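Written out below as structure tokens is the structure these notes cover.
This chain uses plain numbering: 1 for the first residue, then up along the sequence. Keep in mind that this is a model prediction, so the values were computed, not measured.
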Amino acid sequence: MRTSMLKSIVRRSSTAGASYVSRRGFASGSAPERKVAVLGAAGGIGQPLSLLMKLNPLVSSLSLYDIAGTPGVAADVSHINTRSEVVGFAGEEQLGQALAGADVVIIPAGVPRKPGMTRDDLFNINAGIVKSLCTAIAKYCPNALVNMISNPVNSTVPIAAEVFKKAGTYDEKKLFGVTMLDVVRAKTFYAGKAKVNVAEVNLPVVGGHAGITILPLFSQATPKANLSNEEIVALTKRTQDGGTEVVEAKAGKGSATLSMAYAGAIFADACLKGLNGVPDVVECAFVQSNVTELPFFASKVRLGKNGVEEVLGLGPLNDYEKQGLEALKPELLSSIEKGIKFAKEN
């Protein structure tokens with residue numbers, strides 16, 4: 001009786017969101033040494049992200065950095081009984097130590113979006129922060145995989161690329177804009193409407209990481225569901241406006257920090273699995289791309305020991321998705337060019 005009950009609990013937990021910690025390519029005992037650095041670890045995304053990375057048995061060393069407050073976050077997280085050793089670093093003078101030897105660097109640093117803030121407002125503050133952090137990455141851990149969370153991702157990834165090019169360290173296979181939250185949202189919303197198990201949903205989201213540049217490909221979603229055109233349009237818009245939905249629900253007191261931390265942790269986990277040689281690790285990310293005429297684009301990417309092993313094509317699109325793709329290109333190109341211009345002029 002107890003055995004069958006235990007099996008039932010294990011089965012249930014393996015299909016729930018809580019399976020994050022247990023869905024590992026390796027037992028912690030056999031995983032290689034991996035250092036992960038979180039830049040912006042004391043912030044709204046950084047704190048829950050640091051917690052989630054501490055729970056990941058693929059991480060042996062967790063380096064937490066922010067301009068202030070990090071020693072407290074590090075002390076708190078370090079008490080958790082998992083594999084990784086945690087060290088907190090604060091202030092610019094300690095940034096080099098925080099980064100040295102990192103395999104994966106996750107950047108949630110910067111200000112979150114508040115009600116009434118445009119992407120331009122975000123850009124004006126976060127662009128400089130990203131530029132200075134990437135300058136340090138080029139110096140102290142030039143071979144690390146860089147996971148960019150700081151918004152606007154459509155511009156901050158091109159900024160990072162230009163900084164690395166100037167330093168002579170740019171490797172397009174190792175720079176990612178984290179668009180995983182768009183995928184997480186699209187899967188959740190689709191599963192709710194289609195009445196399917198969310199843990200079984202596979203659904204690519206392509207384009208960029210803001211507004212209409214986010215294009216969920218519901219025609220490729222599995223398990224298949226017979227949703228009307230109106231339902232698909234509504235799901236698309238809700239996915240595109242997911243960030244605004246949370247900002248408004250928090251009534252100006254925050255943005256999508258918790259779901260973004262979860263999505264960031266899931267993508268970092270995929271990067272670590274790729275580095276460790278787990279086969280067929282495929283997730284969506286905003287990367288240098290030839291999939292369209294745009295220099296950067298989010299699509300499915302196969303991850304491996306060198307970062308991006310392969311940028312996968314878009315697959316078959318229906319007419320609605322083809323229209324969405326053409327509609328997003330001018331805005332996405334403008335955001336990319338804005339990032340490149342900033343990096344070259346500052």
#### Entry: Heavy-atom donor-acceptor pair, K54 side chain to V77 backbone, under 3.5 Å
no
### Query
What closest approach, in Å, do Q220 and G315 show between heavy atoms, and which atom pair accounts for it?
NE2-C, 3.7 Å
### Query
Nearest 0.5 Å, what's the CG-CG distance between N126 and L122?
5.5 Å
### Query
Below 4.5 Å, heavy atoms only, C-beta onward: do T257 and K250 meet side chain to side chain?
yes
#### Entry: Side-chain donor-acceptor contact under 3.5 Å, Q288 with Y170
yes
### Query
If you round to the nearest 0.5 Å, how far is OG1 of T236 from OH of Y190?
12.0 Å
### Test item: T70 side-chain N/O and Y65 main-chain N/O as donor-acceptor pair under 3.5 Å
no
### Task
Would you confirm whether the ring centroid of F286 sits within less than 6.0 angstrom of the ring centroid of F176?
no
### Query
Should the pair K329-E293 be classified as a salt bridge under the 4.0 Å nitrogen-to-oxygen rule?
yes
### Query
Do L181 and V247 belong together in a cluster built from hydrophobic side chains that touch within less than 4.5 Å?
no
## Note on the structure
Rounding to 0.5 Å, atoms CG (L294) and OG (S289) come to a distance of 8.5 Å
### Contact check, side chains of L314 and V206, non-hydrogen atoms, under 4.5 Å
yes
### Query
Counting distance only, does the side-chain N/O of E200 pair as donor-acceptor with the main-chain N or O of V196 below 3.5 Å?
no
### Query
Donor-acceptor pair, K131 side chain versus N346 backbone, under 3.5 Å?
yes
### Query
Would you find more than 12 non-hydrogen atoms of other residues, nucleotides or ligands less than 6.0 Å from K224 atom NZ?
yes
### Query
Is the number of heavy atoms from other residues, nucleotides or ligands under 6.0 Å of K165 NZ greater than 12?
yes
### Query
Would you call D103 and L275 a side-chain contact if the rule is heavy atoms closer than 4.5 Å?
yes
### Query
Does the gap between the ring centers of Y320 and F218 come in under 6.0 Å?
no
### Message
Could you tell me if S155 and K338 have a donor-acceptor pair between their side chains, going purely by distance under 3.5 Å?
### Response
no
### Task
Of all the heavy-atom pairs spanning A41 and L64, show the shortest one and how long it is.
CB-CB, 3.7 Å
### Query
Can you tell me if S150 uses its side chain to pair, donor with acceptor, with the backbone of A109 under 3.5 Å?
yes
### Query
Charged N to carboxylate O under 4.0 angstrom, E245 versus R185?
no
### Task
To the nearest 0.5 angstrom, please state how far the OG1 atom of T156 sits from the CZ atom of F123.
9.0 Å
### Short side-chain to backbone donor-acceptor contact, T179 and D182, under 3.5 Å
no
### Task
Identify the heavy atoms of S50 and V38 that sit nearest to each other, and give their distance.
OG-CG1, 4.1 Å
### Task
Would you check if the side chain of S78 reaches a backbone N or O of A74 as a donor-acceptor pair within less than 3.5 Å?
yes
### Summary
Here the gap from L133 atom CG to E92 atom CD, rounded to the nearest 0.5 Å, amounts to 9.0 Å
### Task
Mind listing the closest non-hydrogen atom pair of V73 and A42 along with its distance?
CG2-CA, 4.0 Å
### Task
For S219 and E321, test the side chains for any donor-to-acceptor distance below 3.5 angstrom and give the result as yes or no.
yes
### Query
Got a salt bridge between E345 and K341, using NZ or NE/NH1/NH2 to carboxylate O under 4.0 Å?
yes
#### Entry: N276 vs R34, side-chain hydrogen bond (donor to acceptor under 3.5 Å, both in side chains): CA-CA, chis, key distance, verdict
CA-CA 9 Å; N276 291 349; R34 294 292 180 198; 2.7 Å; yes
### Task
Would you indicate whether the side-chain heavy atoms of M53 and I106 approach each other to under 4.5 Å?
yes
### Query
What pair of heavy atoms forms the shortest contact from E331 to A210, and how long is it?
OE2-O, 4.3 Å
### Message
Between S63 (side chain only) and A37 (backbone N and O only), is there a donor and an acceptor less than 3.5 Å apart?
### Response
no
### Task
Can you establish whether the number of heavy atoms outside Q97 located under 6.0 Å from its atom CD is more than 12?
yes
### Message
I'd like to know if K300 and E283 make a salt bridge, using a cut-off of under 4.0 Å between side-chain N and carboxylate O.
### Response
no
### Task
Mind listing the closest non-hydrogen atom pair of L49 and A265 along with its distance?
CD1-N, 3.6 Å
### Message
Check this for me: I67, atom CD1, are more than 12 non-hydrogen atoms of other residues, nucleotides or ligands nearer than 6.0 Å?
### Response
no
### I137 CD1 to K139 NZ distance, which is reported to the nearest 0.5 Å
13.5 Å
### Message
If only side-chain N and O atoms count, and only distance matters, is there a donor-acceptor pair under 3.5 Å linking T213 with N154?
### Response
yes
